[in-house]
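The structure under discussion appears below in the form of structure tokens.
Note that the numbering runs from 1 along the sequence shown for the chain. Worth saying up front: this structure is predicted, and the values here are computed from it rather than measured.
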Amino acid sequence: MEQFKICEKQTKTKAYSKEALQQAMKRDKKDGPKYEMKEWIDDQLDRIKEAIETSERKLENYGSKKSKKRFDKDQYEQLQEQVERHNWHVDKLNYTWRRLNKELISVSQVKEIQEGG
């Protein structure tokens with residue numbers, strides 16, 4: 001009977017109630033290394049997205065300059081390549097995060113990526 005009460009309580013808990021959110025956080029903390037890897041991936045994504053925004057701002061400044069004499073085509077192309085490379089890394093990190101979440105790759109494999117970067 002006790003097990004039934006526990007099961008019933010879990011199924012009737014609303015998805016975004018305080019209790020359900022606390023349970024989700026407890027579950028994430030239990031994952032330990034997996035949770036740490038997800039945090040690392042999120043941090044890397046944030047850093048790369050900031051770099052993309054900075055590079056895109058620089059690209060916009062090139063387009064809006066009144067003086068075309070200063071326009072450095074090589075630097076402009078370099079910034080475009082940098083944005084493309086950053087976007088590629090964002091895609092790969094998102095892909096890695098999804099695979100880790102679905103447990104298609106192990107934490108040790110993500111650690112190898114972390115150590116290489």
Side-chain angles (χ1 to χ4, degrees):
M1 190 64 174
E2 253 334 281
Q3 291 177 343
F4 176 74
K5 286 181 183 179
I6 293 170
C7 179
E8 187 177 26
K9 185 175 182 175
Q10 289 174 349
T11 56
K12 289 186 177 182
T13 303
K14 293 182 181 176
Y16 293 103
S17 67
K18 288 181 183 178
E19 190 174 321
L21 293 173
Q22 288 173 348
Q23 287 175 353
M25 286 182 66
K26 286 179 185 175
R27 239 181 280 123
D28 282 345
K29 288 180 181 177
K30 287 180 185 174
D31 290 343
K34 184 177 174 183
Y35 179 77
E36 290 174 14
M37 287 297 112
K38 288 180 183 179
E39 285 293 311
W40 176 79
I41 291 172
D42 288 337
D43 290 342
Q44 297 305 312
L45 285 170
D46 290 340
R47 288 178 56 207
I48 293 173
K49 287 178 181 178
E50 286 176 21
I52 289 172
E53 289 174 8
T54 303
S55 297
E56 287 177 342
R57 267 189 255 119
K58 288 179 183 177
L59 285 171
E60 288 174 8
N61 287 340
Y62 271 114
S64 66
K65 284 188 178 177
K66 294 179 183 177
S67 169
K68 297 293 179 178
K69 292 179 184 176
R70 291 187 184 170
F71 187 77
D72 186 6
K73 188 176 179 180
D74 292 335
Q75 191 173 9
Y76 183 81
E77 289 174 356
Q78 210 173 29
L79 282 171
Q80 283 181 324
E81 289 174 11
Q82 189 177 29
V83 169
E84 289 173 14
R85 190 171 48 250
H86 286 323
N87 284 327
W88 182 84
H89 281 97
V90 166
D91 291 341
K92 293 301 175 185
L93 282 170
N94 282 327
Y95 178 70
T96 303
W97 192 91
R98 286 191 307 271
R99 290 179 57 93
L100 180 64
N101 211 23
K102 293 179 182 178
E103 297 181 1
L104 298 173
I105 59 174
S106 67
V107 172
S108 61
Q109 289 173 312
V110 179
K111 280 188 179 183
E112 288 178 20
I113 295 170
Q114 183 181 21
E115 291 168 0

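Side-chain contact between Q44 and Q114 is absent, with no heavy-atom pair separated by less than 4.5 Å.
Taking CZ of R57 as the reference point, atom OG1 of T54 lies at 4.5 Å (rounded to 0.5 Å). Separation of atoms CE (M37) and CD1 (I113) is listed at 10.0 Å; rounding is to 0.5 Å. In this structure, E50 CD and R47 CZ are separated by 9.0 Å, a value rounded to the nearest 0.5 Å. In this structure, I41 CD1 and E36 CD are separated by 12.5 Å, a value rounded to the nearest 0.5 Å. If you take CD on Q80 and NZ on K58, they are separated by 14.0 Å, rounding to the nearest 0.5 Å. A distance of 7.5 Å separates CD in Q78 from CG in D74, rounded to the nearest 0.5 Å.
Cluster annotation: W88 is not connected to I52 through the hydrophobic network of ILVMFWY side chains, with a link wherever side-chain heavy atoms come within less than 4.5 Å.
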Would you check, one step at a time, whether the test side chain to side chain contact (heavy atoms under 4.5 Å, CB included) holds for K34 with E103? CA-CA 9 Å; K34 184 177 174 183; E103 297 181 1; 3.2 Å; yes
Sequence neighbours excluded and cut-off under 3.5 Å, please list the side-chain donor-acceptor pairs for residues 93-102, or say none.
{"unit_1": "N94", "atom_1": "ND2", "unit_2": "V90", "atom_2": "O", "d": "3.3"}
{"unit_1": "Y95", "atom_1": "OH", "unit_2": "R99", "atom_2": "NH1", "d": "3.2"}
{"unit_1": "T96", "atom_1": "OG1", "unit_2": "K92", "atom_2": "O", "d": "2.8"}
{"unit_1": "N101", "atom_1": "OD1", "unit_2": "K38", "atom_2": "NZ", "d": "2.6"}

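Q109 contributes a side-chain N or O that, together with a main-chain N or O of S106, makes up a donor-acceptor pair within less than 3.5 Å.
Contacts of E81 classified as side chain to side chain contact (heavy atoms under 4.5 Å, CB included), with partners at least two apart in sequence or in another chain: none.
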